[in-house]
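Taking it in order: structure first as structure tokens, then the write-up.
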2 protein chains.
Amino acid sequence: MTTRPLRADARRNVEAILDAATATLARDPDASINDIAKAAGVGRVTLYAHFENRGGLVAAVVERAMREAEASLRDVDLSGDPAAALVRLIDATWQVTLRYGALVVAAEKSMPVTEMAAAHSEPRARAQRLIDHGRALGRFRTDLPVSWQVTAMHAVTHAAATSVYAGELPADEAARAIAATMLGLLTPPGQVVPDVDALRVGR
Amino acid sequence: MTTRPLRADARRNVEAILDAATATLARDPDASINDIAKAAGVGRVTLYAHFENRGGLVAAVVERAMREAEASLRDVDLSGDPAAALVRLIDATWQVTLRYGALVVAAEKSMPVTEMAAAHSEPRARAQRLIDHGRALGRFRTDLPVSWQVTAMHAVTHAAATSVYAGELPADEAARAIAATMLGLLTPPGQVVPDVDALRVGR
DNA sequence: CTCTTGTCGTACATCCCTGTTCGACTTATG
DNA sequence: CATAAGTCGAACAGGGATGTACGACAAGAG
């Protein structure tokens with residue numbers, strides 16, 4: 001069942017289609033196959049030569065996105081000072097969100113809910129581990145549900161991406177803004193909000 | 001050009017259609033006219049008798065939603081202690097978001113961008129006034145763009161709505177969670193996060 | 001009660017998108 | 001350079017949604 005190697009231009013086209021689909025579907029989840037093919041500089045028929053149907057294409061796109069995202073996030077160090085770890089996690093998360101955030105949101109519609117849940121569960125679990133850690137050390141607030149805090153974190157990150165797309169927020173300020181926002185969001189009432197920049201000196 | 005009064009049942013149907021469209025479009029922005037008509041307990045043709053086309057229908061739905069939302073939010077007192085005012089604004093905003101949030105998000109797709117911007121501009125301006133006020137008093141952080149803070153506020157509110165729809169967050173806890181989150185989000189680094197519940201005793 | 005207004009089902013034309021087939025053409029590979 | 005692999009445009013059938021037209025029927029207003 002090992003398919004034999006594609007010709008060079010075919011391989012190139014598959015990549016181009018995947019890239020175009022990533023960008024196009026992010027902009028419009030209902031983009032037609034035609035739009036995607038044109039954006040890839042390829043005939044519609046060629047696209048069908050490589051992907052069974054629409055579902056197959058978006059599955060491939062999302063799968064690739066998830067693989068790359070997972071790779072970037074896997075080895076973020078979540079130990080040590082929770083606030084510093086939070087900043088590290090956000091820096092890493094921001095990169096993948098900027099590239100794939102809109103796509104994932106777009107895909108949420110055309111994908112089975114279970115798959116979407118699976119896609120989000122890993123990043124959510126990571127964030128939750130971090131928050132639990134910070135709570136255990138008394139550094140993060142405990143008067144709100146953890147699941148809500150994770151959701152809010154997710155939402156703020158997506159909002160930043162939208163903001164950047166809209167040109168309201170410069171891309172290079174985004175990570176700092178998210179981190180600052182999040183730090184405030186997690187600090188317990190009655191405690192002092194830590195300064196972001198002190199935690200981000202390494203950048 | 002004053003259209004003469006509709007018959008009683010016609011008026012009832014228009015309302016039913018508007019209600020059904022609000023609910024149906026919130027669930028699925030691409031819902032067909034047929035779905036909406038059925039949900040309203042009305043024939044598809046009847047729907048066309050009252051609304052020129054799809055665009056006209058969603059325009060009417062959104063316009064009604066905005067009018068009602070505006071009415072609820074108009075007279076929130078934004079003066080006095082900024083943190084307390086924030087809680088008041090959030091309580092009011094939460095109500096309309098819970099009812100119309102999903103719809104507005106859904107409509108963002110099929111509506112001209114300019115109209116959407118207009119729809120959001122009023123609530124945004126209100127939030128911005130409040131934040132400016134808090135900043136002037138040294139109560140809110142100034143190390144992040146105001147527009148970003150407004151966006152984050154918006155995003156968190158929507159996230160809460162999504163969370164409630166998903167059953168993760170009880171509806172009656174949502175307003176408190178949003179307010180607590182937002183307070184943290186606006187408190188300057190180096191300052192103490194105020195306690196939400198102290199500010200919400202009135203409820 | 002009568003007449004106007006509104007409703008409903010069916011049917012129809014139209015449009016757009018999907019997925020497939022075909023044959024001619026181009027490009028990589030050996 | 002010769003062959004196999006890949007591309008392309010045009011064209012087709014199918015399905016679904018939109019918007020319109022018609023005629024029979026129900027319901028509110030006076």
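Residue numbers begin at 1 in each chain, while the letters A, B, ... track the order of the sequences.
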Atom pair distance, as rounded to whole Å: [atom1] in [X] and [atom2] in [N]:
| X | N | atom1 | atom2 | answer |
| --- | --- | --- | --- | --- |
| B:R11 | D:dA29 | CZ | C1' | 12 Å |
| A:N13 | D:dG6 | CG | P | 11 Å |
| B:F51 | C:dT7 | CZ | P | 11 Å |
| A:L47 | C:dT21 | CG | P | 16 Å |
| A:L6 | D:dA4 | CG | P | 18 Å |
| A:D9 | C:dA28 | CG | P | 5 Å |
| B:K38 | C:dT7 | NZ | C1' | 18 Å |

The salt bridge (Lys or Arg N to Asp or Glu O under 4.0 Å) partners of A:R129 (sequence neighbours excluded) come to none
Residue set satisfying salt bridge (Lys or Arg N to Asp or Glu O under 4.0 Å) with B:D195, at least two apart, ordered chain then number -> none
Run the side-chain donor-acceptor check on residues 70-77 of chain B: report pairs under 3.5 Å with partners two or more places apart or on a different chain.
unit_1	atom_1	unit_2	atom_2	d
B:E70	OE1	B:R126	NH2	3.1
B:S72	OG	B:E68	O	3.1
B:D77	OD1	B:S79	N	2.9
B:D77	OD1	B:S79	OG	2.6

B:R141 and A:V196 have their tightest heavy-atom pair at NH2-CG2, 4.1 Å
Notebook entry, point to check: Is any side-chain N or O of A:R7 under 3.5 Å from a base N or O of C:dA28, one able to act as donor and the other as acceptor?
Noted result: no
By side-chain contact (heavy atoms from CB on, under 4.5 Å), A:A84 pairs with (sequence neighbours left out) A:D81, A:R88, A:L199
Please list, one pair per line, the donor and acceptor atoms closer than 3.5 Å that link side chains of residues 34-47 of chain A to other protein atoms, with sequence neighbours excluded.
unit_1	atom_1	unit_2	atom_2	d
A:D35	OD2	A:S32	N	3.4
A:D35	OD2	A:S32	OG	3.4

* Looking across every strand, which nucleic acid part, if any, lies under 4.0 Å from B:R12 by heavy atom: base, sugar-phosphate, or nothing? -> sugar-phosphate
Report task. Kindly say if B:H50 contacts the phosphate of C:dG6, meaning a side-chain N or O under 4.0 Å from OP1 or OP2. Result -> no
Given protein heavy atoms under 4.0 Å, the one-letter contact record of nucleotides 17-22 of chain D, with B base, S sugar-phosphate only and - none, is simply -BBBB-
